2 protein chains.
Amino acid sequence: MSARSRRASHPKSAITKQRILDAAARAFSLNGYAGTTINDIAMTAGMQGGSIYYYFESKDDILQEVLDVGITRVFSAARLAIGSLPASSAFSEKLEAAVTAHLTMLLQQGDYTSANIRVFEQAPPAVKRQNRKLRAAYGEYWGQLLSEGQRSGEIRKNVDLTILRLMLLGSMNWAVTWYRSDRMPIPELARKFCEVVLKGVGLSDDQPESSSRGRRARS
Amino acid sequence: MSARSRRASHPKSAITKQRILDAAARAFSLNGYAGTTINDIAMTAGMQGGSIYYYFESKDDILQEVLDVGITRVFSAARLAIGSLPASSAFSEKLEAAVTAHLTMLLQQGDYTSANIRVFEQAPPAVKRQNRKLRAAYGEYWGQLLSEGQRSGEIRKNVDLTILRLMLLGSMNWAVTWYRSDRMPIPELARKFCEVVLKGVGLSDDQPESSSRGRRARS
DNA sequence: TAGCGTTCCTAATGATCATTCGAAATTAGC
DNA sequence: GCTAATTTCGAATGATCATTAGGAACGCTA
């Protein structure tokens, strides 16, 4: 019978499949997509290379699942973090919760999430296309969070929320290239991120102009 | 005679070598390192795959040069941008100049710079090691810029400059994954980046605490 | 136009992998 | 313990590439 027809129908099968995906996520996040071989994954999962094909149709198939799980997990983590706050919480509280959740999945727990961030760009078009749907949904979630912050007045009206979102997610995602857990705990990092974004780094003297066009006042 | 002994000693040779590097930079930035073959590069450069080896010892050798040029160019662009400002310029002016230069090299001109950002993580250890030296120097340059801004009082004293630098460069570098030139010109993008970083997105009401420890006041 | 250094071509070579497949081994149901 | 289904093995297969090497074409100089 083909792998497709029976895949993961039995309990042991499901567990082994997880083991393979775990191994793949770790390997992808460490060595990139082209840099990890089916044999690498198989050996970490305790089997021979050929056996992988009992569970997956192709290497791309594994990649797809790892990438999708990666987004699904950060998304869940962010939702959970915000959802477990009192509904009356200030935007700044929610933001910090979401940032902490995202950074945690990216830097501490998630081989899947970090694999996604590191490897997405190297993925074949078809794989990217599918994963982009999940990414878009996650991005929209952040968009709503920021939008809410703007409605409540905690974000100035003239801030471009799209750019803000991309900056925020970008600076977080980039952390995957430099973060070392022995230098600073995640919550502290998250706090600093939020502080920069919310308060800025300059002295807060000048009021924000309400028209969106004019450049900085000429000193 | 070996490629090494005579490489680029003649004028034509130097030009052709440039052509190869240009083709490689573009291909790397589009398809990643493993995703581009020697033949891809050669064809774009108007020659056969084997001929590449008259100019370079290996694919890694090409990668090394592309990566190094990538950093060298943003570095130069940033230095030039800041250097051509009046020496008395405010920190915010310098910052915007540097951000504009960085984003321009990354998103508009530099196949080399964008190749570096996209492909560095996939490079073999030896190549990374060498390029990291240049990256460190560039990072230090930004560190000095920020440090100067803090000394002059335009950045609050209690801001962690290391985190700020990593956030700033991270959000810029990440733009390589989403920026589309038809949506917003670089200078406008740079201005928005700087506005977020300098002023933050929140209403500037609360004074910054001077002790660095305490968390946000409890509402 | 002969000679020499240069640039480039072309056809190997050899290594690395993803993927396949038939058979062996293991497990579960009875 | 027998049988059938499930899981794994292990040895091909074939494709893709980086890299090599010997020779051909090109261009310059005398």
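Predicted model, so just to flag it, every value in this text is computed and none were measured. We name chains A, B, ... by the order of the sequence lines, and we start the count at 1 in each one.
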Taken to the nearest whole Å, OH/Y54(A) to P/dC21(C) is 16 Å

From CE of M47(B) across to C1' of dT7(C) the rounded distance in Å is 8 Å

The nucleotide from dC8(C), dC17(D), dT8(D) with an atom nearest the side chain of T37(B) is dC17(D)

From NZ of K59(B) across to C1' of dT16(D) the rounded distance in Å is 11 Å

Checklist entry - When you check the gap from the basic side-chain N to the acidic O, do K192(B) and E188(B) get nearer than 4.0 Å? => result yes

(message) Looking at dC9(D), I'd like to know if its phosphate oxygens (OP1 or OP2) sit under 4.0 Å from a side-chain N or O belonging to S51(A).
(response) yes

Here the distance between atom P of dA18(D) and atom CD1 of I62(B), to the nearest Å, is 9 Å

Here the distance between atom C1' of dC17(D) and atom CG of N31(B), to the nearest Å, is 15 Å

Separation of dA18(C) atom C1' from I20(A) atom CD1, nearest Å, is 15 Å

Taken to the nearest whole Å, CD/E57(A) to P/dT19(C) is 10 Å

Presence of S58(A) side-chain N/O under 4.0 Å of dA18(C) phosphate oxygens OP1/OP2
no

Quiz item: Are Q48(A) and dT8(D) close enough that a side-chain N or O sits under 4.0 Å from OP1 or OP2?
Solution: no

What I want to check is whether the side chains of D68(A) and Q130(A) have a donor and an acceptor closer together than 3.5 Å.
yes

Do the ring centers of H102(B) and Y138(B) come within less than 6.0 Å of each other? yes

(request) Compare side-chain N and O positions of Y53(A) against OP1 and OP2 of dT19(C) and report whether any pair is under 4.0 Å apart. (result) yes

Looking only at dT7(C), dT7(D), dA18(C), the nucleotide nearest the S13(B) side chain is dT7(C)

> Are R73(B) and N116(B) linked by a side-chain donor-acceptor pair shorter than 3.5 Å?
Replying inline: no

R135(B) to F120(B), cation-pi by 6.0 Å centre distance and 45° axis angle = yes

N39(B) CG to dA11(C) P, in whole Å, measures 13 Å

Closest to the side chain of I38(B), out of dT6(D), dA18(D), dA18(C), is dA18(D)

